[in-house]
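Here's the structure we're looking at; comments come further down.
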Amino acid sequence: MSFLVTARKYRPATFQEVVAQGHVVNTLLNSIKLDRIAHAYLFAGPRGVGKTTTARIFAKALNCPHAKDGEPCNVCDTCVEIAEGRSIDVIEIDGASNNSVDQVRAIRDAVRYTPTRDRYKMYIIDEIHMLTKSAFNALLKTLEEPPPHAIFIFATTEPHKLLPTVISRCQRYDFRRIATEDIVRQLQLICKTESIDAEDAALFAIARRGDGSMRDAESIFDQVVAFSGQTLTYDDVRQVLHFVDQETFFHLTELIITKNSSGGFTLAENIVMSGYDIQDFLQGLEEHFRNMLVVRSTGEARLVEAPAEIRERYAALAGKFSEGDLLRLLKITAQAMQAVRYSPQPRLKFEVALIDMIKMDSTVEISTLLSNLGPGGLQQSPLSPARDSTRDGHGSRTAVPGNTVGASPGGSVQRNTGARTASRRDTDATEPLRQAESRFREALTSASLSAVAPYGPPTVPEKAPPSPAPESPPHPIVQMLINDLGAVLIQGK
């Protein structure tokens, strides 16, 4: 006997064997039990999820003389002929090659005749969206008022291409993408029946490659088994499908944590020289960061489609990143995918993206920033005392006690320099913020501004004469600082 591919050998023969389409199966079973059979059905959904298979089972269940509880017996002549595609009363038509008006007219003329043996005369038209507009219009009258013995079942992966007048005449059932766990369970049953020893990681890799399609996953399974034999390992799957190992993504994550730029260039070279597609790597990296974000946000790895040991690694690794960091990594990855796609030098864009991830600074939460701010600016850490200084009228800097910031009566500005001792530099997380504040205040000083006093006339002694108003309006940049940053002009002598 010739070899039969897994997708055909283990094709569901009853409603109960259909994987992950319970909402469709239960509705069809109840319609059979209640004898509420419509004259037209539309099965829509992704490829390889069971649309045509369910249509065949439904045809067998309606015509099988020994059906029980809505399930066909699969042993009578009717069931066998329908399963083998040679039934006279159940006609399967390929919509892609029978899409003209003349072929639809032939169907319309033949549907008037009663079935030769079975209860219903059924037409299963696959890829119904391939029919032309004229062919659809020729079918509308028959589809709306067919003979009582005729039933139409349409299957399509692109229901949006159907005319609304066609959809309105059918009962529509949307088939869902099959989850990775459901595909893995089905592959485990097949391995048990075929006496194949398979690793869970290998089956997960095949299921993920199937991308929600059971037929695609079973085709990949046949290909890998042909390579490895009766023992199926993760390395075998990786060699056959030539995708990047999950360990590579975890290695890149460690490079990001340790800020290892040299390792980033080495990783990029290994990816390119190994023949991996850069786009495939970035897509896998995007899913890797997505898994980390899911674990970091939800606190659990339930939504990660991976074996148990990989989920544990994600749970341990996600705590080393904040949600803001992971969102920035995802954004860099998405931008790199666009840049690599249209760049004449994709390797350069790829390397720049990796180094950008590795050199990325940690995200500072606004609550953390505000907690380090006081009425006079950033609060000094007890472990890192800072020096305060004042700049006299000639621009020289002298040390002064305290930690005040403001305008002196003589027009000088006191500011916090944020200087730290070298031994304490690595222990204070607010050092970058303190340095930024220092540079900002220097900019205000050079523009004759103060960052602490409210906008208005300067405070003067009670008997002192009022300060004269400026002769001309401030520069636009100075005015922006006054309006948005609460700075004021310093009144000099």
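Residues T27 and H23 come closest through the heavy atom pair OG1-O, 2.8 Å. Between E218 and Q186 the shortest heavy-atom distance is OE2-CG, 4.3 Å. When all heavy atoms of A217 and I183 are compared, the pair lying nearest together is CB-CG2, 3.6 Å. Between R215 and R47, the shortest heavy-atom contact is NH2-CB, 3.8 Å. Of all the heavy atoms in N98 and L131, the pair that sits closest is O-CD1, 4.1 Å. The two residues K9 and L4 have their closest heavy-atom pair at CA-CD2, 3.8 Å.
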Salt bridge (charged side-chain N to carboxylate O under 4.0 Å, His left out) between K331 and E286, intermediate numbers included:
CA-CA 9 Å; K331 184 177 181 180; E286 190 176 39; over 6 Å; no

L143 and F136: CA distance, side-chain angles, deciding distance, side chain to side chain contact (heavy atoms under 4.5 Å, CB included) verdict
CA-CA 10 Å; L143 189 61; F136 273 126; over 6 Å; no

List the steps, then state whether side chain to side chain contact (heavy atoms under 4.5 Å, CB included) holds for T156 with L42.
CA-CA 8 Å; T156 179; L42 175 62; 3.8 Å; yes

Please determine whether salt bridge (charged side-chain N to carboxylate O under 4.0 Å, His left out) holds for the pair R56 and E92, giving the CA-CA distance in whole Å, both sets of side-chain angles, and the decisive distance to 0.1 Å.
CA-CA 9 Å; R56 286 185 180 181; E92 294 190 29; 2.7 Å; yes

Using the salt bridge (charged side-chain N to carboxylate O under 4.0 Å, His left out) rule, take D126 and K51 through it: C-alpha gap first, then chi angles, then the decisive distance, then the call.
CA-CA 9 Å; D126 201 6; K51 300 184 296 296; over 6 Å; no

Give the C-alpha distance, both sets of side-chain angles, the deciding distance and a yes or no for side-chain hydrogen bond (donor to acceptor under 3.5 Å, both in side chains) between D245 and T248.
CA-CA 6 Å; D245 187 10; T248 305; 5.3 Å; no

Set out, in order, the CA-CA distance, both residues' side-chain angles and the distance that settles side-chain hydrogen bond (donor to acceptor under 3.5 Å, both in side chains) for D325 and S322, then state yes or no.
CA-CA 5 Å; D325 291 336; S322 67; 3.1 Å; yes

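Annotation for K33: atom NZ counts as buried by contact number, over 12 foreign heavy atoms lying within 6.0 Å. Taking a 6.0 Å sphere around CZ of R238, one finds it holds more than 12 heavy atoms contributed by other residues, nucleotides or ligands. By the 6.0 Å contact criterion, NZ on K121 is enclosed, its count of non-hydrogen atoms from other residues, nucleotides or ligands being greater than 12. Counting heavy atoms of neighbouring residues, nucleotides and ligands inside a 6.0 Å radius, atom CZ of R8 does not exceed 12 of them.
Side-chain contact check for L327 versus F289: every heavy-atom pair is 4.5 Å or farther apart. With a 4.5 Å cut-off on side-chain heavy atoms, E300 and V295 do not count as touching. Between F43 and T54, some side-chain heavy-atom pair lies under the 4.5 Å cut-off. Looking only at side-chain heavy atoms (C-beta outward), R296 and M292 stay at 4.5 Å or farther from each other. At least one side-chain heavy atom of R341 sits less than 4.5 Å from a side-chain heavy atom of Q338. Using a 4.5 Å heavy-atom threshold, the side chains of V49 and Q21 count as touching. T52 has its side chain within reach of R11: a pair of non-hydrogen atoms, C-beta onward, lies under 4.5 Å apart. Side-chain contact between K60 and T14 is absent, with no heavy-atom pair separated by less than 4.5 Å.
In this structure, I257 CD1 and I358 CD1 are separated by 11.5 Å, a value rounded to the nearest 0.5 Å. Rounded to the nearest 0.5 angstrom, L29 CG and I57 CD1 are separated by 9.5 Å. Rounding to the nearest 0.5 angstrom, the gap separating the CD1 atom in I310 from the CG atom in L317 is 11.5 Å. Rounded to the nearest 0.5 Å, atoms OG (S261) and CG (L354) are 10.5 Å apart. In this structure, OG on S31 lies 7.5 Å from CG on L62, to the nearest 0.5 angstrom.
At a cut-off of 3.5 Å, with distance as the only test, no side-chain donor of Y276 or N270 sits close to an acceptor on the other residue. For the residue pair E269 / T266, no side-chain donor-acceptor distance below 3.5 Å is found, with atom types taken as modelled. Between the side chains of N99 and T132, no donor-acceptor pair is found at a separation under 3.5 Å. At a cut-off of 3.5 Å, with distance as the only test, a side-chain donor of E194 or Y10 sits close to an acceptor on the other residue. Looking only at atom types and distance, the side chain of Y173 has a donor-acceptor partner in the side chain of Q171 under 3.5 Å away. With 3.5 Å as the limit, one finds a donor-acceptor pair spanning the side chains of D94 and S97.
Aromatic ring centres of F58 and Y41: separated by under 6.0 Å. The aromatic ring centres of F281 and F350 sit less than 6.0 Å apart. Under the 6.0 Å cut-off for aromatic ring centres, H288 and F250 qualify, their centroids lying closer than that. F154 and H129 have their aromatic ring centers separated by at least 6.0 angstrom.
In this structure a side-chain-to-backbone donor-acceptor pair under 3.5 Å is missing from D182 to I178. D200 places no side-chain N or O within 3.5 Å of a backbone atom of P307 that could act as its donor or acceptor partner. Using a distance-only test at 3.5 Å, with no hydrogens or angles considered, a donor-acceptor pair links the side chain of N26 to the main chain of G22. Using modelled atom types, no side-chain atom of Q279 and backbone atom of V340 make a donor-acceptor pair closer than 3.5 Å. Panel note: side chain S297, backbone V294; no donor-acceptor pair is recorded below 3.5 Å. Between the side chain of E199 and the backbone N or O of L232, no donor-acceptor pair lies under 3.5 Å. Side-chain atoms of T53 do not come within 3.5 Å of backbone N or O of G50 as any donor-acceptor pair. Proximity of a side-chain donor or acceptor of K259 to a complementary backbone N or O of M360 within less than 3.5 Å is detected. No donor-acceptor pair under 3.5 Å is formed between the side chain of R313 and the backbone N or O of E309.
Listed by chain and number, the residues in a side chain to side chain donor-acceptor pair (under 3.5 Å) with R176 amount to none (sequence neighbours excluded). Listed by chain and residue number, R172 satisfy the salt bridge (Lys or Arg N to Asp or Glu O under 4.0 Å) test with D174 (two or more places apart in sequence, or in another chain). Residues forming a ring-ring contact (aromatic ring centres under 6.0 Å, His included) with F227 (at least two apart in sequence, or on another chain): none.
With respect to the salt-bridge test (charged N to carboxylate O, under 4.0 angstrom), the residues R119 and D35 qualify. Note on E351 versus R347: salt bridge recorded, some NZ/NE/NH1/NH2 to OD/OE distance being below 4.0 Å. The pair E158-K161 meets the salt-bridge criterion, since a charged nitrogen lies less than 4.0 angstrom from a carboxylate oxygen.
Residue D89 is tested with N63, T78, D118 for a side chain to side chain contact (heavy atoms under 4.5 Å, CB included); the sole match is D118.
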